[in-house]
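Working notes, structure below.
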Amino acid sequence: MESIDFGASVPGRYWHGLGDGRVQCDLCPRECKLHEGQRGLCFVRARQGDQIVLTTYGRSSGFCLDPIEKKPLNHYLPGTAVLSFGTAGCNLTCKFCQNWDISKARADDRLQQYASPEAIARAAVQSGARSVAFTYNDPVIFLEYAVDVAAACREAGVKTVAVTAGYIGAAARPEFFAAMDAANIDLKGFTENFYHKLCTGSLDAVLDTLRYVKHETKTWIEITTLLSPGENDSSEEVTALSEWVMERLGPDVPLHFTAFHPDWKMRDTPPTPPATLKRAREIARGAGLRYVYTGNIHDEAGQSTYCHACGSRLLGRDWYTITAWDLDALGACASCGEPCPGCFEPRPGHWGARREPLIIRAA
Ligand code: SF4
């Protein structure tokens, strides 16, 4: 931790003073203990006087309209656009990070656009986005800004989506997830060794978050596991992960196995073969999970949604594009009437696979 000059910042929540004069941040399980002038590992939370502050409130690394399938969420307003943004920094240190230019950025390197919560909500409405996603870096570390943006969105009739690793302290979980209508939570691997070695984090804390969100909130959740060759892709680990999801969260939580591509500090690891993703999908389905998807490859069979009762294809999907729709107006199977879990409208959106940068005026 290093001494810095502070720019504009707002008071942070979830911290307490220690008897030795340091202040402990309780927002995430790292529990950084800070002297005056120090920042936490996430770099965006810092000690200023006797409190913790968030130094990136209102500042973003840029806005973009994405397909909701890119978050990935396959059971939440399919085919619609989601206004997506991130800030800077992260509270994990994943060596395989696919957004390292943002997550490893220090605020001043990267944050260029200022936008108020109300301006973001207004931009979502004007652009036709049905939801706003806190993504690209982990929104847990900018909780105060994310919660304010979420409140403005709800006021405007716009849904909110968190894309997160779920590495959040118990005290902060209720406020954070109460603000989110949907979340995609990474389950990066299924051993403490994986989390410790590649992310300097802990698996247990993430499992606690998954249990909490599923059983104690109304937030719709889907889970993503990025399979990295030789690190977390063994049949044994995929089986253990799938069985845990089945037993602790139930069969209806969608699980996405996505392909790794060489990045950040793991450029020597090869990309995930499609066969690995398809094998993982079969293992998870064998464990009883009803909605298991492959991602970051073309695999229409593995990316479509099927009725668990009669086997009919409910939604055809090729990467981010909806190719077929066979749900009735209530979101149930058009063939047998079995409901499909999630949030569906009578018709899919038509956003497709487009990705469009967006400029938001500050006020
Ligand atoms: S949110 Fe940041 S400062 Fe707080 S404990 Fe986590 S890494 Fe440390």
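One-based numbering, in listed order, for ligands and for the atoms of each. Numbering starts at 1 and runs along the sequence shown.
The set of protein atoms (N, O or S) found at less than 2.8 Å from atom 2 (Fe) of ligand 1 reads C42 SG, by chain and number.
For the pair R13 and W15, the cation-pi test (distance below 6.0 Å, angle within 45°) is failed.
Here R211 does not pair with E216 in a salt bridge; the nearest charged N to carboxylate O distance is not below 4.0 Å. Salt bridge E144/R45: present, at least one basic N to carboxylate O contact under 4.0 Å. The pair D66-K71 meets the salt-bridge criterion, with a side-chain N (NZ, NE, NH1 or NH2) lying under 4.0 Å from an Asp/Glu carboxylate O. Between R290 and E338, no side-chain nitrogen of the basic residue sits less than 4.0 Å from a carboxylate oxygen of the acidic one, so the salt-bridge criterion is not met.
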- Task: Please test T224 against D186 for side chain to side chain donor-acceptor pair (under 3.5 Å), starting from the C-alpha separation and ending with a verdict.
- Result: CA-CA 5 Å; T224 295; D186 283 342; 4.6 Å; no

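The residue R39 has no part lying near ligand 1, judged by heavy-atom distances below 4.0 Å.
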